[in-house]
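Beneath this line is the structure, given in structure tokens, with notes to follow.
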Amino acid sequence: MLARSIAFLYRFLMEQWFDVTKRIEASALAAAQQAGLDTEVFTADVRPADPRFGDMQVNGALPYAKRHKTNPREIAQKLVAALESDEAVAAVAEISIAGPGFINFRFKPEFFLNWLKAFSSEEAFRKSASRLYANERVVVDYGSPNTAKQMHVGHIRSIVIGEAICRLLEYCGAEVTRDNHIGDWGTPYGKLFYAYNRHLDEKALKDDPLGELERLYKLGSNLAAEDETVLEECRQELVQLQAGEAESMALWKRVNELSIQGLKEVYDQLDVTYDHYLGESFYRDRVEAVYQELKDCGLSEESKGALVVFHPEHKRYAEQPFIIRKSDGASNYATTDLATMLYRHEHFRATRIIIVTDDRQKDHFEQLDLTTSKWFEKTGRNRPIFDHVMFGKINGDDGKPIKSRSGDPIRLKALINEAVDRAYTIVKKKNPNFPEDELRNIAQTVGVSSIKYADLSTNRTSDYVFSWEKLLAFDGNTASYQLYAATRIQSIFRKVDPSDLENLELKATVFETNEEIALARKIIEFVGAIQVTIETLRPHMLSTYLYELSGVFSTFISADKVIVDDPGKKARRLILCQRTLLALKAGLSLLGIKTLERM
RNA sequence: GCACUGUUAGCUCAAUUGGAUAGAGCACCUGACUACGAAUCAGGAGGUUGGGGGUUCGAUUCCCUCACAGUGUACCA
């Protein structure tokens with residue numbers, strides 16, 4: 001009871017400091033006003049500082065002085081004078097000026113301890129973040145494979161990055177719809193059906209539906225390339241499908257069901273669940289409306305027999321058309337994407353639409369965005385914010401897109417299985433006495449996490465080089481390193497006497513060692529790390545933070561023993577352990593990674 | 001041709017979008033388990049940020065130019 005009211009008190013006192021960056025920014029702006037600076041121009045520019053100089057820094061004096069052609073150091077001095085008269089700030093931090101006019105804040109150890117006392121639960125951590133995107137309805141379109149084909153390594157990025165973005169948005173209060181815009185309609189079906197009707201291996205279809213469908217498609221494709229008459233029969237198959245001929249539709253439906261079932265097996269392993277699989281076929285009856293509306297708006301025009309949209313104000317898209325109907329009268333990618341934008345606006349009432357694909361589609365989505373904004377504006381619709389979250393390629397050692405030894409792309413399913421197998425070998429070797437079930441479970445988590453983390457730890461816009469070694473590495477900036485740190489913490493909680501965990505906040509004495517302070521400081525940076533990640537939609541920002549947190553924790557745990565005689569010291573170190581675990585678990589789960597009790 | 005990316009330690013990657021002495025891991029070299037888990041930690045060495053110019057208090061980041069690589073550029077998705 002007492003402990004609870006104490007916690008409440010701390011929470012009340014520290015509320016304004018949850019987001020340290022924002023709090024300092026507010027003070028800096030107030031100080032600027034007090035110091036008589038032009039607040040229209042002044043921006044605080046608050047960021048974490050190099051620990052050698054302080055905990056946070058305000059850099060705003062420099063650009064301000066530049067603009068006003070005055071001495072930055074003088075500006076900084078005025079700001080500091082005003083900041084020091086702000087009691088709330090002066091009470092928690094030492095303020096100093098360095099170099100040309102950097103203002104450094106070094107927090108007192110009491111401040112760190114109070115912060116950690118105040119924010120002691122997952123819910124408390126989530127609190128500030130959950131306001132960022134409240135009232136937003138976001139449709140995230142990611143994964144998006146073609147049906148009747150196996151997913152290969154190339155698909156991993158969209159799935160993993162997209163899922164992390166979904167989780168981050170949800171954490172920040174948004175209502176998220178996960179939509180898998182599968183490629184389930186179009187020309188490949190003619191060739192697939194041709195082969196299916198003549199060369200189907202029933203047993204193979206039962207054992208490995210996607211593998212067999214893929215084999216049939218390739219077979220059809222090869223046969224059609226060799227023989228004109230086969231090609232013609234493929235076309236006929238397609239015509240029948242597009243005409244909605246019953247037998248053809250039944251087969252299409254069956255292929256689709258098998259495909260989605262096969263895809264879901266992989267998604268299950270990756271812990272990804274979609275709300276919808278609204279593929280291209282879903283929009284096939286909605287494209288007429290798009291043609292009509294764009295014509296009525298005067299946006300589209302006929303060019304070389306096709307219906308296209310030009311954007312005269314754009315240096316490139318004034319000449320390079322956005323083709324919305326091919327000269328043979330058929331729809332294409334652009335058409336269904338426009339129909340999709342409309343549907344997401346009308347049906348999901350999306351305030352924001354995020355599409356996660358590789359960067360080769362950059363032009364397409366720029367044109368889509370331009371076209372949609374004009375179209376929606378002319379028809380009086382609110383335009384959702386649109387983000388094309390793009391990513392680079394996965395290359396082999398030779399700098400070319402990765403292929404397996406046989407020359408085919410590496411299958412995603414095989415990749416996951418191999419990762420889990422390799423993890424099993426290691427886990428078994430480290431822990432020969434763990435029960436078999438647990439070993440399997442740990443291997444599954446470690447293997448899958450390693451794959452995901454490999455993608456989430458690098459900047460999504462760059463290409464990266466694939467290697468089994470790197471993907472399944474268990475040291476350095478990897479999932480395993482962080483999972484290990486988490487298990488170390490939990491191991492301590494298994495060792496500690498339960499009575500030691502009571503009323504930690506009351507018993508804890510103030511931090512003393514460098515390692516304690518460094519860890520406390522790092523935990524508090526969690527808030528900022530989440531914000532930077534969500535603003536830039538770059539999950540590697542969070543990965544980097546979590547890796548650093550794990551590293552600082554490892555340093556702490558090696559230097560400072562937790563279970564010691566001194567009850568105050570023990571309590572404060574247990575608080576550090578608890579909050580580290582909290583931040584690690586929360587952060588990793590946002591990346592789609594589960595933590596383990598032991599490994 | 002034009003446009004968009006990119007080029008950072010031997011290798012694989014960072015650098016909070018213009019901030020302080022460019023950081024990690026791997027590999028290499030030294031140390032630390034009778035220890036709350038060594039899947040760890042402490043330390044060393046390794047850099048003209050592709051080349052050259054420019055902008056300014058300050059540049060991996062912005063501008064110009066050259067080189068190299070990748071991608072896109074009218075009916076594939």
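Everything numeric here is computed off the predicted structure, so don't read it as measured data.
Using a 4.0 Å cut-off between charged side-chain N and carboxylate O, Lys569(A) and Glu512(A) make no salt bridge. Salt bridge present: Glu525(A) and Arg521(A) bring a charged side-chain N and a carboxylate O closer than 4.0 Å. A salt bridge does not link Glu302(A) with Lys295(A): every distance from a Lys NZ or Arg NE/NH1/NH2 to an Asp or Glu carboxylate oxygen is 4.0 Å or more.
The nucleotide whose nearest atom lies closest to any side-chain atom of Lys393(A) is, among G72(B), G70(B), A77(B), G70(B).
As rounded to whole Å, 15 Å separates atom C1' of A24(B) from atom CG of Leu549(A). Atom CE of Met390(A) and atom P of G72(B) are 14 Å apart (whole Å).
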Can you give one letter per nucleotide of nucleotides 29-41 of chain B, 5' to 3': B if a protein heavy atom sits under 4.0 Å from the base, S if only from the sugar-phosphate, - if neither? -------BBSBSS
Heavy-atom contacts, protein to nucleotides 9-20 of chain B, under 4.0 Å, summarised as B (base), S (sugar-phosphate only) or - (none) per nt, yield ---SSSSBBBBB
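Spacing between C28(B) and C66(B) at atom P, rounded to whole Å, works out to 43 Å.
No donor-acceptor pair under 3.5 Å is formed between the side chain of Lys393(A) and the backbone N or O of Asp358(A).
Ring geometry for Trp185(A) against Trp252(A) counts as perpendicular: the plane angle is over 60°, on a 0 to 90° scale with 30° as the lower cut. Taking the six-membered ring where the residue is Trp, Phe553(A) and Phe556(A) present tilted rings, their angle falling between 30° and 60°.
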Which dot-bracket notation, 5' to 3', represents the base pairing of RNA chain B when pairs are defined as Watson-Crick or G-U with both distances under 3.5 Å, crossing pairs as [ ], and inter-strand pairs as |? (((((((..((((.....[...)))).(((((.......))))).....(((((..]....))))))))))))....
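Ring centers of Tyr547(A) and Tyr481(A): under 6.0 Å apart, within the cut-off.
The side-chain heavy atoms of Asn395(A) and Tyr464(A), taken from C-beta on, include no pair separated by under 4.5 Å.
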